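Okay, so here's the structure we're looking at.
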Amino acid sequence: MTLFRSVRAIITTVVPRRWITVSLSLRQCLVTHRNRHVSVNLRTAVHLPGKVARLSRAFNSDVLAAGDLFAKDSVQDLLKKLETEYSDCLEQVNTVNQDAQLKVLRRRIADLSPLVTHFKQLRGKEQELQEIEALLHDDNPELRKLAEAERLECQHQLLDLKKKIITLLVPAHEADDSDLVMEVTAGIGGQEAMLFTAEMFDMYQSYASFKKWSFEILEYYPSELGGLRHAAASISGQHEVYKHLKYEGGVHRVQRVPKTEKQGRIHTSTMTVAILPQPSEIDLTINPKDLRIETKRASGAGGQHVNTTDSAVRIVHIPTGVVSECQQERSQIKNKEKALKVLRARLYSKKLEEEMNKRQSVRKMQVGTKGRSEKIRTYNFPQDRITDHRVNKTVHDIKGFLLGEDLLDEMIQSIREYTDHEMLKELLENIPAQ
């Protein structure tokens with residue numbers, strides 16, 4: 001495989017009685033040019049100025065954020081430390097006999113392997129960049145143009161590798177690979193808050209469909225005017241659903257003129273989103289003796305089974321007092337299964353919160369009460385504006401945002417990048433000086 005993959009030149013070599021056209025890489029082009037004195041027909045160089053300009057803009061937009069952070073001595077020291085740890089683990093795997101210790105070593109190797117692999121790729125790409133830059137001083141001006149384009153592409157690839165390495169350095173949350181239970185609850189604002197809660201629940205359901213995740217409604221308590229008092233849903237997918245949505249938890253504020261407002265005044269209402277990781281059987285074990293299961297008749301609209309059968313289920317975890325209810329299904333057995341799923345998620349979240357209190361950067365992203373002033377995001381309808389107050393990011397087009405597609409996805413990605421950066425800064429600050 002050649003070192004230079006992206007730029008190709010067409011070399012026309014004069015051979016007695018015929019022309020032979022050969023596609024070669026930049027390096028092969030240079031060697032042939034120097035050793036055999038062939039003429040070079042650089043057909044791909046026609047579009048180089050535009051290509052170089054595009055690569056320059058893409059490169060310069062991110063280089064300060066990723067490049068400067070990667071260049072810090074603390075980051076380099078951490079990478080060397082982790083690379084050494086990886087090598088030590090590989091050596092110890094062949095000598096350890098105890099199953100428990102062997103399991104720990106193998107898990108650590110699996111954790112560090114992507115980071116070490118990308119770090120080695122980075123070193124190879126840096127060596128490649130040095131070789132390309134040597135070509136910038138060649139006597140042939142057309143070869144220098146090709147080398148310039150190749151240099152910019154190589155720099156862009158280097159930047160991508162650095163960003164990936166920075167991301168891999170961020171400490172993983174224990175539940176990042178988990179599925180989740182999402183709960184939405186109307187806050188301050190009466191019926192308007194409930195109407196907004198229904199819109200938000202629909203938005204996340206659409207987003208799950210947009211990401212091709214499974215979305216199962218576990219609880220749903222509507223209001224009289226078509227709003228939503230409280231609802232819960234299980235969201236599952238193939239990869240890191242909780243990691244993707246965990247920062248959506250908190251108070252969301254809406255500012256708009258309600259449909260029932262006759263004087264045109266703007267009202268402020270709130271609703272809360274709770275994102276609870278869904279544990280596996282290994283992560284959380286519940287003793288059946290610790291549960292008190294009660295049945296009752298379902299209430300509200302729903303057909304003949306309402307108030308005629310004991311289909312609704314209420315489960316209390318006696319040691320903690322955590323409660324879960326479900327009357328979504330006609331079957332008591334199905335309601336019990338859904339109530340247990342919500343209860344497990346609440347207990348697991350409580351357990352993680354107690355264990356992870358030291359993770360300040362994560363806790364700062366979550367908000368505790370339903371007050372109007374404690375908000376993570378504002379949806380201002382008169383200004384057609386959505387502002388996330390944690391990252392100070394504003395986007396417009398509320399109607400498009402509530403569709404739960406690209407705009408919401410971009411907002412979530414921005415928050416993830418910001419929190420990863422903050423967590424890495426916190427990690428580097430806590431590294432002891434050498």
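This one's a predicted model, so the numbers in the text were calculated from it and none came from an experiment.
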When rounded to the nearest 0.5 Å, the distance separating OG of S178 from NZ of K243 is 12.0 Å
Minimal heavy-atom distance between A231 and L228, with the atoms involved, is CB-CD2, 3.6 Å
Self-check item: Ion pair R377/D388, N-O distance below 4.0 Å
Solution: yes
Q) Would a distance-only check, ignoring hydrogens and angles, find a side-chain to backbone donor-acceptor pair under 3.5 Å from R144 to D139? A) yes
H230 side chain to V184 main-chain N or O, any donor-acceptor pair under 3.5 Å? yes
Correct closest heavy-atom pair for S269 and G189 would be OG-CA, 3.7 Å
Hey, does E128 have a side-chain heavy atom less than 4.5 Å from the side chain of I132? yes
Next on the checklist: side-chain contact (heavy atoms from CB on, under 4.5 Å), that's the test. Do M182 and V273 meet it? Break it down for me.
Outcome noted: CA-CA 7 Å; M182 169 183 285; V273 176; 4.2 Å; yes
*Quick one: are P222 and R229 in side-chain contact, heavy atoms under 4.5 Å?*
no
Determine whether the aromatic ring centres of Y379 and F196 lie less than 6.0 Å apart.
yes
Residues L245 and I275: closest non-hydrogen pair is O-CG1, 3.5 Å
If we only count heavy atoms from C-beta on, is the R108 to E85 side-chain gap below 4.5 Å? yes
Taking every heavy atom of V241 against every heavy atom of S236, the minimum-distance pair comes out as CG2-C, 3.9 Å
Here the pair of heavy atoms bringing R346 nearest to S324 is NH1-CA, 3.6 Å
Rounded to the nearest 0.5 angstrom, the CD1-NZ distance for I412 and K246 is 13.0 Å
In this structure, CZ of R385 is separated from CD1 of I398 (nearest 0.5 Å) by 8.0 Å
Check the pair I376, H252 against side-chain contact (heavy atoms from CB on, under 4.5 Å), reporting the backbone distance first and the verdict last. CA-CA 6 Å; I376 64 169; H252 297 247; 3.6 Å; yes
Worksheet entry | Side chain T270, main chain I188, donor-acceptor under 3.5 Å | yes
**Message:** Using a 3.5 Å distance criterion without hydrogens, assess whether the side chain of N335 forms a donor-acceptor pair with backbone atoms of E329.
**Reply:** yes
- Task: State plainly whether the residues E199 and R256 are in salt-bridge range, i.e. N to O under 4.0 Å.
- Result: yes
Exercise. So, R390 side chain and Y247 main chain: donor-acceptor pair closer than 3.5 Å or not?
Worked result: yes
Between T387 and T378, is there a side-chain donor-acceptor contact under 3.5 Å, judged purely by atom types and distance? no
Q | Backbone of E216 reached by a side-chain donor or acceptor of S234 within 3.5 Å | A | no
Looking at E83 and R123, is any side-chain nitrogen of the basic one under 4.0 Å from a carboxylate oxygen of the acidic one? yes
One should read off an interatomic distance between F401 CZ and L407 CG, to the nearest 0.5 angstrom, of 7.0 Å
Heavy-atom closest pair (H317 atom, L343 atom, distance to 0.1 Å) is CB-CD1, 4.2 Å
NZ of K211 to OG of S206, rounded to nearest 0.5 Å, is 14.0 Å
Given side chains that start at C-beta, do those of L276 and L180 come closer than 4.5 Å, heavy atoms only? no
Check your understanding: Do Y204 and E248 have a side chain donor and acceptor closer than 3.5 Å?
Key -> yes
Counting N and O atoms only, with roles assigned by atom type, does the side chain of K338 sit under 3.5 Å from a partner on the main chain of I217, one being a donor and the other an acceptor? yes
Between the main-chain N or O of L152 and the side-chain N or O of H156, is there a donor-acceptor pair closer than 3.5 Å?
-> no
message = Before you tell me yes or no, could you show the steps for Q413 and D409 under side-chain contact (heavy atoms from CB on, under 4.5 Å), namely the whole-Å CA-CA distance, both residues' side-chain angles and the distance that decides it to 0.1 Å?
response = CA-CA 6 Å; Q413 185 60 34; D409 197 48; 5.9 Å; no
| Side chains of K162 and Q157: does their closest heavy-atom pair fall under 4.5 Å? | no
Looking only at atom types and distance, does a side-chain atom of H396 sit under 3.5 Å from a main-chain N or O of D384, one as donor and one as acceptor?
-> yes
Taking C-beta and beyond as the side chain, do F381 and V254 meet within less than 4.5 Å on heavy atoms?
yes
Do F201 and F215 have ring centres separated by under 6.0 Å?
yes
Tell me whether the rings of H244 and Y207 are parallel (<30°), tilted (30 to 60°) or perpendicular (>60°). parallel
### Message
Do Y418 and K393 have side chains that approach each other closer than 4.5 Å (heavy atoms only, starting at C-beta)?
### Response
no
Q.
Between E148 and R151, is the side-chain contact (heavy atoms from CB on, under 4.5 Å) condition met? List the steps.
A. CA-CA 5 Å; E148 177 64 21; R151 181 178 71 90; 2.7 Å; yes
*Would you mind reporting whether T185 and T197 have side-chain heavy atoms less than 4.5 Å apart?*
no
How about CG on N392, more than 12 heavy atoms from neighbouring residues, nucleotides or ligands closer than 6.0 Å, or not?
no
One should read off an interatomic distance between D160 CG and I165 CD1, to the nearest 0.5 angstrom, of 11.0 Å
Exercise for the section: Verify, without hydrogens or angle tests, whether T95 (side chain) and Q92 (backbone) share a donor-acceptor contact under 3.5 angstrom. Expected result: yes
